Number of protein chains: 2
Amino acid sequence: MVWTGSSSPGVRMSGSARRSMPSIEVVAKEAGVSTATAGRALGGYGSVSGKSREAVLAAAERLGYRANSLARSMITGLTHTLGVLVPDIENPFFSRALRGVADVAHERGWEVLLVNTDEDLSLERKALGVLTERRVDGLVVAPTDTADRDALQGVIDAGIPIVLLDRRVPGLDADTVGIDNRAAAKDATERLLALGHRSIALLTGGDEKLRPRLARPGLRGVERLGATTVGARAAGYRDALLEKGIEPRPELVSAEGFRREDAAAATTRLLALPDPPTAILALDSLLALGVLQALKRLGLRCPADVSLVGFDDADWAEAISPPLSVVAQPVYELGAEAGRLLLDRVHGTDRRPVHRRLPTRFIERDSAESVRTPATSTPP
Amino acid sequence: MVWTGSSSPGVRMSGSARRSMPSIEVVAKEAGVSTATAGRALGGYGSVSGKSREAVLAAAERLGYRANSLARSMITGLTHTLGVLVPDIENPFFSRALRGVADVAHERGWEVLLVNTDEDLSLERKALGVLTERRVDGLVVAPTDTADRDALQGVIDAGIPIVLLDRRVPGLDADTVGIDNRAAAKDATERLLALGHRSIALLTGGDEKLRPRLARPGLRGVERLGATTVGARAAGYRDALLEKGIEPRPELVSAEGFRREDAAAATTRLLALPDPPTAILALDSLLALGVLQALKRLGLRCPADVSLVGFDDADWAEAISPPLSVVAQPVYELGAEAGRLLLDRVHGTDRRPVHRRLPTRFIERDSAESVRTPATSTPP
DNA sequence: CGCTTGAGTGAGAACGTTCTCAATCGCTGA
DNA sequence: TCAGCGATTGAGAACGTTCTCACTCAAGCG
């Protein structure tokens, strides 16, 4: 009898000394059925007799079989993977939002591929390319800049849905999830105004790119400032002032970087102004921390000398002295909702883009109080 | 002439209405070469004439071709993916360490698949299974418990190298990266002892499982307490006390949970003891925050009434009042080193497991000071 | 009894790459 | 002119699944 050679499933070591896991073909042979039947038993599709199923499962157990998702994805067209692009996972905002995305994803059987973009446009583009090649089923992106619209739209056109997190890119065919930044900042500013403050500084954290645009008299047109939240929040700040008949003073609007030290330096500069602010609105929790640090260095007390309101309810916001008043975002829920919208779309729901605005909450603690009439007001 | 049918590459829509990206076959046809040549031109392997290469690249550009990594991985046996298993990405320690892993990975062309295990053994096992099926090239794991040794070893046996982060699992065939927890805790305790403190509480953050084992007289045998860092640190604390001739008091060792509120409650309880501690060593930054919060509620001052030393140099540690003295770990570097070790191994270096212990640094700030002799010492 | 039905099965295609191998091309040197 | 050689090329296998399709078999029905 001539042995016809068969196809003899490869035992070749691929790459390094990696031990080859048994394929479905080996399991099928061990169980005495065809690969088709083995596939059905293991994959839980089609119809298999109880007897076959048992034989296959037993063989799989014996051989330590582990399905190969790659091969499966090739066929099904689904990788069960979501890409998440954020500027920096170390930022508590994004790590908490990521947690929301990941929880929703895992709950429904999806995995999460994470990329930090570092607010770098070229890194973001590169990542978009890589994740497209990986055939992720969808993307949650906190885009660096509206300038990336074409790259993002390209991904969408290639059939990979995108949900924008925290930031918006006008004209992009994608769902968005975030808060109403303009209204939130306006509300925070109004609260400071209601406490009698008339000289309120805005710490945006923005960088050189933003600075000239924030320097325009009266903050005109800031709402059209790109993907970042800074523009919308600055607009809310301006709106509140204008409604109260106060002309925004450009020198009170700072854009000197997002790090704590940047905020401390900015604070020092602001308080050295001839007509210094009596209150500060910081657009991020790290910035608020920098303000507190600077105040301490300057020997000023918060809120007695300077009132402070921050954004984002950090772990420590309640525990420090003074407990910090903040605009709290539902950060986890932001991420979770982004995950939900994305998976809905992955599951084939073809609908027009939706834009979710989740409610913010102002948490009043002790870092902001009524303005004191300077110097002369001290009682005898 | 008979048209022999050819294999006509499928135009079938797979899954939902996903637009199908052009395959290498389509590009090859467009460029007038074989798929093999197109593959060589696009993949940068083998040899291709300048003319063919140009034709292929132009065709790819025209059609918006994007390679399919899945197919590539099937062949090459490499997914260029690292799995990262951490208890909770929201924990600043892990998000910073992850950043380290991710930076190293991206720099070398690897992507990162992230899973939160929530300190849940069954979740961890499930994730291990899923990531095995995804054929990740390697895993960075901060294991929940030594009890998972077999599952972890199984993954390693299947050919997927593992690097343990922050925690150790005795007998596991894996590299580890962490600090010398015992020495670090001993050093911190010695500093408090040097300030004259004799009644020092230890806030471990551990839970019910740990409590009985921490309650043993003299903290005997705590060093064998599982994967977590708690055991080693408690041992260091004990060592320092014993060397000074002080018998550890079990009631000063708390294991009431890792949340800030848990720490606050524990602090309140500790300070209500008949012979309350004059100093507290908190094994994590969130716990330290809870201590501060509790002290404030109790109307006690830090460090005047109670000294405090924490672990991990959080963002806010320097900015709060009082600035917190801490044992700082090189967290980012821990993650980066884990990534490097893992990728070395992925690249085929077969060596014995290495155990990296990175140096810690005690940062002295203002939250710990010399003990005051109680009550009677007030000068006239 | 013959026909329909449906569950169960296996052969082989398909997914989109890279790899193997043999064939061809264009030169070079004798 | 022709053998020899390396660069270039293409056909087709391989990776490990799922999907398609045709087939078998037993049960149910007239």
Side-chain angles (χ1 to χ4, degrees), chain A residues 5-15 18 20-29 31-56 60 63 65-80 132-135, chain B residues 4-15 18 20-29 31-56 60 63 65-80 133-135:
Chain A
S6 84
S7 61
S8 79
V11 194
R12 249 201 358 228
M13 290 262 173
S14 67
R18 167 150 305 179
S20 72
M21 307 192 197
S23 72
I24 213 170
E25 190 169 346
V26 179
V27 175
K29 198 159 289 177
V33 299
S34 70
T35 60
T37 298
R40 282 187 273 253
L42 292 164
Y45 55 90
S47 76
V48 199
S49 68
K51 202 179 121 197
S52 296
R53 188 190 324 279
E54 277 173 36
V56 170
L63 298 173
Y65 171 78
R66 288 263 127 202
N68 184 329
S69 320
L70 299 168
R72 177 175 298 158
S73 294
M74 291 272 308
I75 300 291
T76 61
L78 272 185
T79 54
H80 284 264
T132 304
E133 300 200 338
R134 301 222 160 204
R135 300 295 192 266
Chain B
T4 49
S6 87
S7 61
S8 80
V11 194
R12 249 200 359 227
M13 288 263 175
S14 68
R18 168 149 304 180
S20 73
M21 306 192 196
S23 73
I24 214 171
E25 190 168 346
V26 178
V27 174
K29 198 159 289 177
V33 299
S34 70
T35 60
T37 298
R40 283 187 273 253
L42 292 165
Y45 55 91
S47 77
V48 199
S49 68
K51 202 178 119 195
S52 295
R53 190 193 322 279
E54 277 172 37
V56 171
L63 298 173
Y65 171 78
R66 288 262 127 206
N68 184 329
S69 322
L70 299 169
R72 177 174 299 158
S73 295
M74 291 273 309
I75 300 292
T76 62
L78 272 185
T79 54
H80 284 264
E133 299 202 338
R134 300 224 160 202
R135 300 297 193 264

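Naming convention: chains lettered A, B, ... in sequence-line order (proteins, then strands); numbering from 1 in each chain. Being a predicted model, the structure only gives us computed values, none of them experimental. Reckoned from all heavy atoms, side chains included, excluding hydrogens, waters and symmetry mates.
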DNA chain C contacts made by residues 36-46 of chain A, counting heavy atoms under 4.0 Å = A:A36, A:T37, A:R40
key: Separation of D:dT17 P from A:I75 CD1 (nearest whole Å)   = 11 Å
request  = Kindly write out the residues that satisfy side chain to side chain contact (heavy atoms under 4.5 Å, CB included) with B:S69, not counting sequence neighbours, or none if the list is empty.
outcome  = A:E133, A:R134
Rounded distance in Å - CD (B:E25) to P (C:dA13) = 15 Å
remark   = From CZ of A:R135 across to C1' of D:dT17 the rounded distance in Å is 17 Å
Result block: side-chain N/O donor-acceptor pairs under 3.5 angstrom for residues 31-41 of chain B, not counting sequence neighbours:
unit_1	atom_1	unit_2	atom_2	d
B:S34	OG	B:A36	N	3.4
B:S34	OG	B:T37	N	3.2
B:S34	OG	B:T37	OG1	3.3

query = Does the side chain of A:H80 reach to within under 4.5 Å of the side chain of A:R72, using non-hydrogen atoms?
reply = no
Short side-chain N/O contact from B:S52 to OP1 or OP2 of D:dT9, under 4.0 Å = yes
query = Among D:dG10, C:dC15, C:dT9, which is the nearest nucleotide to the side chain of A:S47?
reply = C:dT9
ask   = With sequence neighbours excluded, what pairs up with B:S52 under the side chain to side chain donor-acceptor pair (under 3.5 Å) test?
value = B:S49
ask   = Between C:dA7 and A:S49, is there an OP1 or OP2 to side-chain N/O distance shorter than 4.0 Å?
value = no
task = Rounded off to whole Å, could you give me the CZ-to-P distance for the B:R72 and D:dT17 pair?
result = 21 Å
Length of the CG-P vector between B:L78 and D:dC15, whole Å = 16 Å
task = Could I get the full list of side chain to side chain contact (heavy atoms under 4.5 Å, CB included) partners for A:S73, not counting sequence neighbours?
result = A:T79, B:L70
Taking only nitrogen or oxygen atoms into account, show me every contact under 3.5 Å that the protein makes with nucleotides 26-28 of chain D, one pair per line with its distance.
none

query = Out of D:dG10, D:dT17, C:dT17, which has the shortest distance to the side chain of B:Y65?
reply = C:dT17
key: Inter-end axis angle, the helix from C:dC1-D:dG30 to C:dA30-D:dT1, with every axis fitted to five base pairs (rounded, 10 degrees)   = 50°
